[in-house]
Amino acid sequence: MPQLFAQVILPLSLHDAYTYRIPPSMERDVAPGKRVIVQFGQRKFYAALVSSVSTEKPEDIEVKEIQQVLDEHPVVLPKNFEMWHWIAKYYCCTLGDVFRAALPTGLKLESKSKIFLTGSEEEFLLTDVEQSLMLEIEKGTNVLAELERKLKDRFSYPALKALMQKDLVYVEEKVHEKYRPKTEAFVKLHPDVTSEEVLNKKAGEIKRAKKQEALLWHFCSAINAFEKGGLSEIARKDLFEGTNFTTSILKGLVDKEVLIQYQKQVSRIEEEKTEQVSLNLLNKYQAKALEEIRESYESKQVTLIHGITASGKTEIYIHLIDEAIKTGKQALYLVPEIALTTQIVQRLKNVFGHKVGIYHSRLNSSERVEIWEKTLLFQEKPGEGYQVILGARSAVFLPFSDLGLIVVDEEHENSFKQFDPAPRYNARDMAVVLGFQHHAKVLLGSATPSYESYHNALTGKYGLVNLTRRHSEMELPEILVADVKRAYKRKEMHSILSPQLYNLVEDALEKKEQVILFQNRRGYSPFVECFTCGHIPKCTRCDVSLTYHKYKKRLSCHYCGYSYLLPDRCDECGSPELKTRGFGTEKIEDEIKQLFRNARIDRMDLDSTKTKNAFEKIVRNLEDGKTDILIGTQMVTKGLDFEHVSVVGILNADNLINFPDFRAHERAYQLISQVAGRAGRKHRRGTVVIQTSQPDHPLIQLIQEQDYQKMLKQQFEERQLFKYPPFFRLVKIVVKHKNIDTVDRAAQELANGLRKNKELVILGPEFPLISRIQLWHHKEIWIKIDRRLHLDQVKEGIMAAVKKVRSMPSLSNCIFNIDADPM
Ligand code: ADP
Ligand code: ZN
Ligand code: ZN
């Protein structure tokens with residue numbers, strides 16, 4: 001038999017695939033999609049993923065052997081691999097980057113591999129080096145890097161390998177440590193107890209052990225023993241629930257061979273006992289929209305549904321998912337991470353029961369592995385695997401075998417984009433590619449579609465369906481604009497609330513209705529300033545002022561996390577007069593508490609939602625009417641559905657509109673419409689107040705008119721003129737180095753290289769708004785790419801240009817972050 005080689009992907013940012021020899025003993029086990037342990041570099045081990053197997057021996061290089069095969073079955077399907085290749089190419093990153101993003105932590109093996117003794121009794125003659133290695137491992141040093149450090153010259157990889165071959169030590173990857181199936185104690189009747197008669201007899205024998213007898217009868221009634229529809233077993237914890245029985249009483253029954261107790265593998269994922277309910281009936285507008293979507297799918301792969309807030313898009317998604325799974329296919333439903341609350345999870349579980357898996361970053365790594373495996377399982381055992389996945393962006397990487405439908409809700413959301421690290425992918429766009437790959441239909445939904453998607457719909461690439469009525473037939477909220485500049489001049493601003501907003505809030509509270517106040521800044525105040533000398537404390541590592549958090553009494557950097565206690569005096573002049581400036585959500589909470597002393601006030605921002613269930617709790621309190629006023633950052637905008645919110649205040653629209661970014665207006669429009677959309681969803685028309693000092697700003701007027709088409713028309717003209725998406729494609733490259741001169745030089749070299757391609761429009765290099773983060777200086781280059789150009793070629797050119805700069809003397813340790821379709 002010819003020698004076999006495996007090409008593997010390592011979980012490192014490397015561009016090439018690496019080849020390893022397959023030892024004869026592993027020939028049967030190595031296959032594409034399985035993980036194997038390989039050595040890379042001098043003495044590092046990794047779990048790599050086999051991408052292919054062949055007899056081709058790479059020339060001129062020494063080929064190492066695979067150490068171990070980790071999986072019985074492939075964990076990644078050939079289809080998924082294809083996608084990985086697409087991602088690497090499109091997002092200008094390496095397959096290793098994709099590998100790291102795709103697999104849940106529990107399936108990855110970091111370089112911190114551990115070495116353990118096997119406990120083998122066999123006697124071997126060991127060399128001195130082998131001896132000292134063994135001794136060190138016996139002492140408890142088991143991390144490879146540690147061994148190396150402690151033993152210095154006495155460490156050698158061949159010696160370690162020799163020990164492995166002699167079966168004296170083994171490498172344990174974190175993988176096995178991290179994921180062990182969870183088991184639970186179960187109880188059932190002893191096999192000898194075959195009938196009610198035998199049972200009664202046994203019960204008679206234990207009459208004197210009162211507690212045991214009681215437990216036996218409790219058990220029988222819990223499982224409905226010997227009755228039609230009775231159970232054969234029960235989890236011990238369910239058996240004991242609400243009783244005083246103990247394991248020792250149970251043990252008595254086990255010893256007497258009445259019951260048996262055993263461990264059984266159970267799912268880590270809480271199975272909520274949900275009754276499956278049938279689908280909601282669609283209202284006539286939804287029914288029509290659904291019909292139009294179906295029609296659109298006859299000729300289009302992708303359809304965009306532009307449905308106003310509270311029009312009931314979710315119901316339409318559920319109907320489509322139901323149709324898709326009836327054809328035996330899988331469905332993927334993507335939502336922004338933050339929208340994954342019980343609201344949506346419960347709605348889906350009610351309808352699809354155990355067929356649904358939920359995948360997001362707040363799950364622990366074992367739970368994620370389980371979802372991964374159950375998605376994979378669908379191919380072999382459709383009844384046991386997950387057919388519907390509801391997930392945040394990383395769910396696009398799950399090992400789907402046969403998708404029939406992909407829904408992307410709130411498709412305009414930038415949380416579908418991964419900013420860092422590479423791959424800097426957009427899950428919405430990947431969903432479209434995934435759809436093509438699986439021949440699955442794709443539905444993008446939003447009340448404020450992204451310009452990219454809307455453009456695709458206008459040009460006929462996607463189908464377009466409109467839904468213009470709220471389910472409750474409630475009108476969209478009335479939008480009022482409060483001119484705060486004028487109010488200040490007239491001395492009418494007695495607080496952060498304009499008189500208009502103040503009155504509306506007061507009125508709502510009186511009527512027992514709820515209020516949402518939106519401010520896009522967390523913390524107490526965005527900066528503090530010395531009243532005497534004007535000094536503003538800044539981060540020592542980043543180019544930003546420090547935000548004051550009153551609750552913790554600290555100044556902290558929102559870019560690197562650096563923080564310290566607010567000093568008593570100014571660092572510069574020693575004056576004790578440090579003043580807080582501007583309004584963050586914390587300060588607003590303080591003020592609102594002063595203004596409305598009887599109101600129950602809650603806050604939703606990154607700081608108040610750090611603990612595990614905090615976010616859910618805030619949502620539930622508002623749902624249950626336990627909160628009167630909710631103050632929040634953009635977190636409050638993401639698809640939440642509240643019944644009794646009648647007033648929404650946008651406290652400072654200026655900082656949204658004036659943000660220096662070509663997407664600022666698109667975002668401001670989306671954000672404000674989405675927050676506004678939380679108002680008046682069910683019972684009464686809502687009111688929204690936008691506070692601004694630029695009431696005549698064209699965007700404010702467009703928002704007030706709620707005329708998406710009109711806004712689009714104006715914006716498209718600008719975007720076309722200035723060569724921005726959706727008319728041009730963008731690639732952003734950030735060059736980073738700790739030395740400012742090095743960044744300058746590298747960025748300039750790169751720009752020069754890129755400018756050789758005359759068809760590209762190159763902007764920069766320029767310092768971005770925040771040009772230093774964690775001591776690293778940043779410089780940006782923006783590349784505008786005409787849509788008619790061959791994208792693959794352009795990207796290859798970009799990669800080549802970066803590679804060239806990287807190979808220049810003294811520039812090799814610069815970091816180049818390439819971001820395709822930046823947001
Ligand atoms: P959207 O996602 O379009 O903003 P939702 O799907 O959250 O809107 O729907 C808004 C509210 O209306 C929800 O409370 C939902 O339960 C309700 N709703 C929408 N359509 C229906 C329907 N056909 N039957 C019953 N309730 C519906
Ligand atoms: Zn000062
Ligand atoms: Zn910082």
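These numbers come from a predicted model, not from an experiment. Index from 1, following the sequence. All ligand and atom numbering here is 1-based and tracks the order in the structure.
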With a 4.0 Å cut-off on N to O distance, would you call D641 and R681 a salt bridge? yes

Which atoms of ligand 1 sit under 4.0 Å from any heavy atom of K682? 14 (O)

Taking 4.0 Å as the limit for heavy-atom contacts, which would you say applies to L281 with ligand 1: side chain only, backbone only, both, or neither? backbone

Within 2.8 Å of the Zn ion (ligand 3), is there any N, O or S atom belonging to C542? yes

Under 6.0 Å between the ring centres of H306 and Y454? yes

Sidechain N-carboxylate O distance under 4.0 Å for E413, R428: no

Would the number of heavy atoms belonging to other residues, nucleotides or ligands and lying under 6.0 Å from CG of L281 be above 12? no

Rounded to the nearest 10°, what angle sits at the Zn ion (ligand 3) between SG of C560 and SG of C557? 110°

Measure centre to centre between the rings of H683 and H644, then say whether the value is under 6.0 Å. yes

Under 2.8 Å from the Zn ion (ligand 2), is there any N, O or S atom belonging to C573? yes

Of the side chain and backbone of H471, name the one, both, or neither that has a heavy atom under 4.0 Å from an atom of ligand 1. side chain

Taking atom types as modelled, find out whether Y551 and E586 have a side-chain donor-acceptor pair closer than 3.5 angstrom. no

Does only the side chain of R470 get under 4.0 Å from ligand 1, or the backbone, or both, or neither? Count heavy atoms. neither

Salt bridge present between R684 and E513 (N-O < 4.0 angstrom): yes

Which atoms of ligand 1 have any heavy atom of N280 under 4.0 Å away? 24 (N), 25 (C)

Within less than 4.0 angstrom of ligand 1, does G307 place any heavy atom? no

Going by atom types only, do S556 and S563 share a side-chain donor-acceptor pair under 3.5 Å? no

Counting only heavy atoms closer than 4.0 Å, does ligand 1 sit against the backbone of T314, its side chain, both, or neither? both

Ring centers of Y333, Y317 separated by less than 6.0 Å: yes

Under-4.0 Å heavy-atom contact with ligand 1, by part of E643 that carries it: neither

Check ligand 1 against T309 and write out every atom of the ligand that is under 4.0 Å from a heavy-atom position of the residue. 4 (O)

Hey, which atoms in ligand 1 end up nearer than 4.0 Å to a heavy atom of L282? 23 (N)

Is the shortest N/O to N/O distance between D409 and ligand 1 below 3.5 Å? no

